[in-house]
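Note: hydrogens, waters and symmetry copies are ignored here, and every other heavy atom, side chains too, is used. What you are looking at is a predicted structure, and each value in this text was computed from that prediction instead of being measured. The chains referred to below are lettered A, B, ... by the order of the sequence lines, with proteins before strands, and numbering in each begins at 1.
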Protein chains: 2
Amino acid sequence: MTQPTREKILDAVFALVYTKGYNGTSMSMILEACQIPKGSLYHHFSSKKAMVLAVLKERIAPRMDQFYDLRASAENHEIDTIIAAIVKVADNRELLCYGCPLNRLNQEMAPVDNDFEYEINIIYEALKDKLVQLLKRSRLQENVNSEMLSEFIIATVWGALSLSPNHSSKARYLQTISHLIAYLKTLKR
Amino acid sequence: MTQPTREKILDAVFALVYTKGYNGTSMSMILEACQIPKGSLYHHFSSKKAMVLAVLKERIAPRMDQFYDLRASAENHEIDTIIAAIVKVADNRELLCYGCPLNRLNQEMAPVDNDFEYEINIIYEALKDKLVQLLKRSRLQENVNSEMLSEFIIATVWGALSLSPNHSSKARYLQTISHLIAYLKTLKR
DNA sequence: GGTAAAGTAGACCATTCAGTCTAATTTCAG
DNA sequence: CTGAAATTAGACTGAATGGTCTACTTTACC
């Protein structure tokens with residue numbers, strides 16, 4: 001056994017739900033991807049919904065932490081740290097193709113299921129808070145509200161990743177966010 | 001007969017697919033919403049997919065035209081015309097709750113279906129071109145590429161409308177895009 | 001008024017859906 | 001080695017899925 005069954009399931013479900021959506025992913029697809037029988041799946045998770053909620057907490061949440069990995073450096077202005085994180089996104093082909101996994105699940109499930117809305121919001125707030133903390137430490141133009149600016153940054157990156165056609169290129173993403181970067185630089189003090 | 005059956009179907013399918021997604025909408029839900037028998041539905045459309053592609057062309061495309069209704073005025077700077085259109089979005093409760101219908105369908109269907117990707121891209125390009133034409137007529141700072149700026153504007157608005165929690169408020173939307181507005185104003189010449 | 005086309009009506013179909021159930025097997029503690 | 005718990009195995013279920021088919025009714029034109 002190379003990987004515990006439960007972990008194997010979470011990996012497969014993440015990949016499927018991320019690329020095909022919750023309603024676009026069936027149990028049989030998951031079973032085939034995992035190469036396990038149905039009994040194993042329902043031993044570890046009580047339902048499809050419970051499974052995807054686990055994916056949210058155990059796969060998507062850590063990914064969000066990892067991607068906006070904002071190691072503050074004493075040398076750089078915090079704004080530059082954030083810009084570097086945004087630019088780094090361009091190197092992830094999956095992100096360019098499918099967008100932010102949290103945003104995808106949010107758009108599909110939050111309007112129709114309170115449990116999803118709740119769990120997604122927790123992850124979103126954590127993501128936002130990380131940005132807020134960084135911005136609060138930085139020297140910015142006056143009248144800049146860190147919370148509002150954080151939401152603006154996340155919104156723009158999410159939007160840039162979801163532009164049609166879905167399979168957006170690295171160059172296109174970078175061009176789109178070049179305006180965001182230019183704006184952020186004007187906020188430095 | 002108050003409304004032709006075909007139009008009634010398109011309206012119902014738009015509302016359902018917009019709020020619940022393509023895979024979250026079943027034929028039986030559509031039938032119940034329309035209060036028509038199955039025979040009528042399949043008389044007008046050969047399949048679920050054909051139906052939603054028709055919704056794209058006959059409902060979503062016109063909406064996009066309508067919402068970014070950018071009547072240029074000789075008095076206002078084109079940037080202000082665009083800002084007004086962006087602010088107007090805040091008055092649409094559906095948009096605040098479910099986001100841009102084109103963006104929703106794009107995220108769900110474009111990665112898994114070429115026909116959807118193609119049709120969505122046509123509508124997206126039309127939307128973008130409208131902005132590009134307006135920007136090209138306007139006096140902007142040098143080095144501003146109208147096409148890139150248009151994509152940035154659309155991305156930001158789409159992103160602001162898809163922030164978690166999904167049911168975002170008018171105030172929250174306006175706060176988020178206040179940064180976009182501030183940036184756009186700096187581009188005026 | 002007759003007739004052909006357009007549209008309505010809903011029973012019916014194979015397939016797939018998420019989920020259940022019982023049994024076999026493996027794991028591990030004592 | 002033994003027995004209990006954890007896990008694997010997959011046949012099975014009822015409901016829902018998208019779609020077909022034939023029959024009936026309305027509409028519109030000659």
Closest to the [X] side chain: [options]?
{"X": "A:S28", "options": "D:dT20, C:dG7, C:dC17", "result": "C:dC17"}
{"X": "A:P37", "options": "D:dT20, C:dG19, D:dA9", "result": "D:dA9"}
{"X": "A:H43", "options": "C:dT8, D:dA6, C:dA11", "result": "D:dA6"}
{"X": "A:Y42", "options": "D:dT17, C:dT20, C:dA6", "result": "C:dT20"}
{"X": "A:T5", "options": "D:dG19, C:dC17, D:dT8", "result": "D:dT8"}

Practice prompt. May I ask you to evaluate whether A:H44 reaches the phosphate of D:dT8, defined as a side-chain N or O under 4.0 Å from OP1 or OP2?
Written response: yes

Worksheet item: Does B:S26 place a side-chain N or O at less than 4.0 Å from the phosphate oxygens OP1/OP2 of D:dT17?
Response: yes

Worksheet item: CG of A:L105 to CG of A:D113: how many Å apart, nearest 0.5 Å?
Response: 10.0 Å

Discussion item. Looking at A:S146, is its backbone amide N or carbonyl O close enough to the side chain of A:K136 to form a donor-acceptor pair, meaning the two atoms are under 3.5 Å apart?
Written reply: no

Fill in: B:R189 side-chain N/O to B:R139 backbone N/O, donor-acceptor pair under 3.5 Å
no

Worksheet item: Contact class for B:K48 vs. all strands (heavy atom < 4.0 Å): base, sugar-phosphate, or nothing?
Response: sugar-phosphate

Discussion item. For the residue pair B:K48 and B:Y22, would you count it as a cation-pi contact if the rule is NZ or CZ under 6.0 angstrom from the ring centre and within 45 degrees of the ring axis?
Written reply: yes

Measure from [atom1] on [X] to [atom2] on [N] and round the result to the nearest Å.
{"X": "A:K49", "N": "C:dG19", "atom1": "NZ", "atom2": "P", "answer": "10 Å"}
{"X": "B:L31", "N": "C:dA11", "atom1": "CG", "atom2": "C1'", "answer": "13 Å"}
{"X": "A:L41", "N": "C:dC21", "atom1": "CG", "atom2": "P", "answer": "17 Å"}
{"X": "B:I30", "N": "D:dG19", "atom1": "CD1", "atom2": "C1'", "answer": "13 Å"}
{"X": "A:M29", "N": "C:dG19", "atom1": "CE", "atom2": "C1'", "answer": "18 Å"}
{"X": "B:K38", "N": "C:dT8", "atom1": "NZ", "atom2": "P", "answer": "17 Å"}
{"X": "B:I36", "N": "D:dG19", "atom1": "CD1", "atom2": "P", "answer": "14 Å"}
{"X": "A:Q35", "N": "D:dT7", "atom1": "CD", "atom2": "P", "answer": "21 Å"}

Practice prompt. Go through the steps for B:Q175 and A:N145 under the test side chain to side chain donor-acceptor pair (under 3.5 Å), then give the verdict.
Written response: CA-CA 10 Å; B:Q175 279 180 6; A:N145 178 307; over 6 Å; no

